[in-house]
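Every chain is numbered from 1 and lettered A, B, ... according to where its sequence line falls, protein lines coming before strand lines. Source: prediction; values computed, not measured.
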Amino acid sequence: MTCVPGKPVVDQAPPSGREMVIIAAGLTVVCLVAAMILGGLYFVTQPAKEHNLHVREETMIRGLLGLTPQARIQEVRRYLKREGKDTQVIYLTGKKLAQLELDGKELAALDVPGDVTAAGSAEAKDEWVKKQIKVADPEHLKYAGRFFVGIEGSQPAGYVVEGVTLGFKTWVRFFMAIDSSYTIQGVEIIEHEEDPGLGAEIVQRYFKNQFAGRSLADIEKISVIKDPLPKDWQTALEQLGDMPFRPWAEKYREMLPKNPNIYAITGSTISSTAVTVGVKAALGNFRKRMNIVEKYL
Amino acid sequence: MSEAEVTSPPTLHLSSGPHIASGRTTAQIMWMVNLSLLPALLWAWAVFGWPVLAIAASSILGCATAEYLSCLISKTESTLPDGSAVCSGLLLAYTLPPAIPVWMPFIGGLLAIVFTKAVFGGLGYNIFNVALVGRAMMMATFPVEMTTRWLTPALGNVDAVSSATVLAQIKLGGPEAVNKILATVPDGGHLWLDFFLGMRAGSVGEVSVLMIMLGAAFLLWKGIIKLYIPLSVLAGVAVMAFFSPAPTIYMLSGGIWLGAFFMATDYVTSPTTAKGQIIFGLGIGLLTGIIRNWGGYPEGICYAIMLMNILTPALNDWFRPKRLTADGVPS
Amino acid sequence: MSLLFWRKSALPTFSRGGVHPDEHKELTENLPIEDFIPTNVYLPVSQSLGPSAEPLVAKATKVKRGDVIARVPGGVSLHAPVSGIVKGVATGPHASLVYDTVITIQTKPGDDDPQFPEQPGWQALPVAQMLESIRDAGVVGLGGAAFPTYRKLALPKGAKVDTLVINGSECEPYLTCDYRLMLEESEKVVLGSWLIAKIIGVANCVIGVEDNKQPAAEKMRQTIAGLGLEKMEPPVKMTVVVTQTRYPQGSEKQLVQSLTGRLVPKGGLPLAVGVVVQNVATAIACLDAIRNAKPVMERVLTVSGRGIQSPRNLRVPIGTSVEDIVAHCGGYTNDLVKILLGGPMMGRTIADLDVSVTKGTSGLLFLTAAETSITRYQPCISCGECVDACPMGLEPNRVSQYMEVGRPLETEQFGVKECFECGCCSYSCPSHRPLVQFMQVAKAAYRRQERKTK
Amino acid sequence: MSEHRTPPPVSTMLMRGLFEENPIFRLALSLCPAVAVTTSVKNGLMLGVAVLVVQVLSSMSGSLVKHIINPKIRIPVFTLLIAIWVSAMDMILAAYFADIYQQVGLYVKLIVAFAIIISRMELFSMKHSVVPCFWDGLGMGLGFLVGLVLAGAFRELLGSGSIFGIAILPFKPLLLVVLPAGGFFTIGLIMALFNWVDVKRGHKLPSGGGGAHG
Amino acid sequence: MADAKVVSPHEILVEGALPADAASIRLVRSSDADIPLAVISVKPGAKSNSFLLTTAETLNSQDNYQLTAKGVDQPWEIAPSPLALVFSVIIGSALINNFVFTRYLGLCVFFGVSRNKDTAIGMGVTFTIVGLLSGMIAWALNTIALVPLKLEFMQIIAFIGIVACLVQATDLILKKVNPILHKKFGIYLVLITTNCIILAVPLLNATSGATMLQAFGLSLGAGLGFALALFLMSCAIEKVNMAPVPMVFKGLPVAFIIAGLFALSFLGFSGLKVA
């Protein structure tokens, strides 16, 4: 017994039958009371937790896209329905719930009530979708990804895609902001477990901001090089700030074509490549999906 | 009868036997090891230039400072003359990239001695190889410098271009990288010869297999090391080399030889019996291969030896010397 | 010293461990045995293992050479080594017991001193009578152990013995007395061996000689061939086997393994594998006892080391004091630091010169600082030299580590109980750790514990 | 058990937890978070506060209910009490301090297994009334908090070169210090420091090292 | 059912009939089923009725893929084999992310019990078994009851309850069934309740939404990792007990430094990819 001083309970005489009943009843009561207290607390904190999470995500998206305070952010959630060989993709946008074949052929589309659209919590949305789409087994309908649309007035002002990629150690989760012409506005690392001092440097501006300003065509040609980062380019990237969608400095625009590739973090080529590959794939997939989902936004 | 008057003898020493000793001392062993390390340092100086001497000096200074201070604090006689701190410092320097900033080995040596040796009570009580802990600590503290500050060797004029080590290139690039490396060898040249002699990018003291062999031969001749550990380390690595796209490079680089002959054979942190030593060596070899082939480090032997160091006390318990009793079974 | 493949010689030897210290035999190996009789002899009554003897003489008693002057009840006797007058029976120094009852005899040779001529018919005496003679002559193991020989030779019932091993290894550095005996008195050695073989009833006798004593081995071979032992009754096949020079070749268990390949079981005697081991000097003593009815009164010892002016091989009466020997050998040098009784590996240091030679004293070494090791010891670096050197396969390094933190009763797992204190471990330790001493203290701790639990 | 002992003075109760019986460095209880979350001051502070609150509330509630529970199920009930407070703390932190919670979340939940809390309930709450329990809990909790902040400050300063995320170190930080190994080294060094201070003050070192010793 | 698996970063080996032209084959990552991956070529494999698909994109053997072909009814599900999955989770939690050396859990018991090798082995064995049991029961309770009923806020209480009950039950059963074993391992059972690893495993499983296999792997790996750490530590401690450790470092400080050095050595496993 290192940790708990005092006698362990087992040393005492075993309780009699009557005592046992009382003890059991007492414990049950205590448990019930505890459950009630915690349940109550749960009902108070859960919405707050979700709200806070929502606010954090929104702040980040607004920053990435440089939205005005009046702008609205609409989440678009994607689900996969798989029953046997048959696979369907379902999008929940701000307006519609679209049930589509894999090639984009519409099977069904219904309007989304306002309270679902406005709901901050993902859970509420998922539940509503599960109610609308009939599946034999709840396991057959699965959430598969999401992106956000920033809406200024009534026009989309840009998109933020959530992506994941396999880093040096585990998954790296990132947000990527894209404007309507598929040019990257910025990349933000949300979650990673890379090594401090090495792979963890992917969160640094000088690395992640290298993606900003690249068009779809640029990105397709991009590769990771191990040359040292030029000093002036690094300075520009550092100055770009965390949330780069602002009228960019002319200097930065001038420098971009001179640096068509991504400079790897010194000593962490694997992590650098992983993020680059992730961004590449996320952008490509997003473009393909946009062709289909655009009309439901 | 008496032919000489016997006066009272000088102060006689009383002790129980044996009254003679083999003549070998700990300090002698340590200094011989230091001596045997010199060829590799000379080679490094020849191909990488003066900075390697600065690195060695800095790391030795770090170790010696820590050793001196720890003796001072614990108010014991200074253990510097026994040469073990110098040996650790020298070995630590050998595991570092030749273009690392000169002050870093000092920090590494300092930390290594404090946390591996001083805290445990000095020479003989450490669990881990001091030099390797130093390297692992530096690897964790200065990851970028430890993985990128390589020099391309050149006899005479040192080419200061930094590049990744060959093993790192292969780890990243796979078979294509091997082809690229092979393409750099001029017609009529032998890749293995370059590696054997030490014409490649690598850590200060491990580039030249030949020089390490020279030092090791000296130690073998003097009976300071035995072949059980080195041979089994090499055998273990050789097994794992089958999974590599370039077995020759695999076997001749990445510090295996330095590790097998100078690090793994460290008395304090390796098992004492032949059987234990063979298992220890094989373990190092296989772990090195596992780390190289599927792990995060292209070289791996440093961590492999450290991991087996942990097992040393257990190996000493599991593999006892054979008793000279009728059944020959240790009781 | 030991590479991966370390056996350099094809000669037989024991299977593991051992060391090869500098021999230093050149100091005395070519010096013939000289007789030296001092004016006084000082005889501690305890001369063999076991219970101590009681003095049978008092001050002013006149004694003749060979008279019994002390006796262990029912055991070996101590005889007057010289004729003369008992000057005193008092407490005095003893080589290993610190103090003992010491009988001092002033040498006064007379005309009627016994000469011990050859007894007729000695070869045909019954075994029991031979054993009695050995006992009465006070024969003990002269190799150093001083175990009463008659007890060793009186085999327990049912013991199956097939080989007699005569130990001519003399593996301790410096010592050359057995070597000289084999050279000068080879016939006595062979006849003595034959007698012992007869007593224990074996027809096979192996004499083990290390290869640094080739002339002795050659001499022994010639003598054996010359005597024609096969034709004697009973016939004994006697062979001389040259073994590797490797300490502790002369230890019973190691020698038995070298010569017969048999392993003595843990805690057992060579008897358990059908072997009896006797030293060459003991063989001579047995012969003297039976053939000449001459008790053990003198012994041959090597006086050597760089700390003595003129090293010798001496035959001295038991009881000769170190001081007299020093004087006889020209005094010591100025750099003398240690005086040893016995060899440098297992011998004991003495504090003063008033100690005298006992039956078990095979050498008297005067070591200078350059020859011996007087250093502070350092922490164990786990080099494993001691483990490699231990002829028994023990782990002195680990015992020493346990002893340093005061845990002697956890060391049995490393084999302390099997240690016979040969000193190979301490000899080979680069940190100069007193490993044998650690082993001794650990063994003492176990003995104490056993006493308590009894 | 029903008799209340006279509580020691408030200052003693407070100081005891801070030094003599510092739960991390002296009693060596609940070591896990000490290494795990102290990569920055902020994390250490947050977990420290969480432990402080749970400790105080558990001690007080333990003192309140001690008369009405059967002694045979004392430990299960105490555990349950702690679990309630921990769950509550967990939910509150998750809701309102989401960004730090992401890093220390698991350890907040594991406060339930911290031996320090139940041991204080056993040793102190059982014998004292609510108010002394508050002070004792506060002292112990503060000791924990200070320990975590101390370790956090050391590791953040040396390992990241900053305090509270503000860079202040002029040279390159020693990354090792924020790695797992560095955490162990740091705690070991601070413990040695506590021992050293004790030796200097003429105290004897605790023989058992607080239950666990090497 | 025909089999298919990822054999290299750009190749899939398919068993079964497959149209030879790449255009009629549709390969998708299961989580991105709407985005087909480009198949460059289809070649007959080494075995009869097997095909080797080459893809442009880099494939990950840890990922799930789905392969459909025109004219073939059944789709191929390409998933890492369960055994490999469990193995990788076990290696991950026992070596790469050892609970003691990288997550710092279970330290109280770790430092308390590692003084003696036999105790360490006893504790390690007991812990591994009880930890596996409790991990699986907790996973089942969480998946079957807590999550569907939205009672996640009861997780902490439920898990600690399971651990306490399980330890008590094991104690009782062992006492009845095998008193000798109980005598040997009984003392460790009490200690298990104070080991936070046993609580951390179900919590981690719950947070990550682990499948049964993953939960099994994590529970077993955590137990094995802890047992390994204990054993190694006890070896080291036995050696350190004979060392003249400076006075202020005696006891826990030096134990922490050893743990730190172990953690440093275990860095060697970081980034280990178990296929």
Side-chain angles (χ1 to χ4, degrees), chain B residues 1-30 79 82 84 121-125 220-224 226-228 231 267-274 277 312 316-317 320-328 330-331, chain C residues 1-4 14-16 19 21 38-39 173 253 257 263-266 323-324 326-328 330-332 334 336-340 344-349 351 353 367 371-374 378-384 387 390-393 395 397 415 418 423 426-428 430-432 436-437:
Chain B
M1 270 280 188
S2 62
E3 284 127 37
E5 194 56 37
V6 177
T7 51
S8 177
T11 318
L12 289 178
H13 285 263
L14 294 184
S15 62
S16 50
H19 306 281
I20 49 176
S22 62
R24 179 155 290 175
T25 65
T26 308
Q28 213 179 45
I29 293 174
M30 292 296 173
T79 45
D82 71 19
S84 67
L123 178 66
Y125 300 104
L220 280 169
W221 173 56
K222 284 284 169 192
I224 290 172
K226 288 176 205 154
L227 281 174
Y228 296 116
L231 284 190
Y267 286 152
V268 183
T269 55
S270 63
T272 37
T273 59
Q277 290 179 348
T312 296
N316 272 335
D317 277 350
R320 291 284 173 75
K322 197 170 179 268
R323 296 270 173 82
L324 192 90
T325 43
D327 47 358
S331 49
Chain C
M1 225 146 282
S2 44
L3 300 183
L4 178 54
F14 45 99
S15 62
R16 59 153 298 128
V19 291
T39 18
K253 287 174 188 173
Q257 202 204 359
L263 280 174
V264 179
K266 186 183 165 193
E323 188 167 7
D324 289 341
V326 170
H328 179 71
Y332 45 73
N334 286 331
L336 171 73
V337 291
K338 267 186 194 175
I339 302 178
L340 300 180
M345 294 298 285
M346 291 180 78
R348 293 162 186 273
T349 48
L353 303 178
L367 300 184
E371 287 172 289
T372 182
S373 60
I374 305 163
Q378 289 161 318
C380 172
I381 55 164
S382 307
C383 61
V387 179
C390 180
M392 296 303 290
E395 289 162 275
N397 55 340
E418 289 165 60
S426 298
Y427 170 84
S428 57
S431 292
H432 301 288
V436 197
Q437 282 80 344

Non-hydrogen atoms of chain C under 4.5 Å away: do they reach the side chain of Ile29(B), the backbone, both or neither?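 It is the side chain, since no backbone atom gets that close.
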When rounded to the nearest 0.5 angstrom, what distance separates [atom1] in [X] from [atom2] in [Y]?
X         : Y         : atom1 : atom2 : result
Asp324(C) : Thr39(C)  : CG    : OG1   : 5.5 Å
Met30(B)  : Leu123(B) : CE    : CG    : 5.0 Å
His19(B)  : Ser426(C) : NE2   : OG    : 10.0 Å

Side chain, backbone, both or neither: which part of [X] has an atom under 4.5 Å from a heavy atom of chain B?
X         : value
Val337(C) : both
Cys380(C) : backbone
Asn334(C) : backbone

Pair Ser382(C)-Asn397(C), side-chain donor/acceptor within less than 3.5 Å: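 No, no side-chain donor-acceptor pair sits under 3.5 Å.
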Hey, are the side chains of Leu336(C) and Leu12(B) touching, using non-hydrogen atoms and a 4.5 Å cut-off? yes
Quick check on the interface: out of Lys253(C), His432(C), Gln378(C), who has the most heavy-atom pairs with chain B under 4.5 Å? His432(C)
Counting heavy-atom pairs closer than 4.5 Å to chain B, which one of Pro173(C), Cys390(C), Gly347(C), Pro21(C) comes out on top?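 Looking at each option in turn, the highest pair count goes to Gly347(C).
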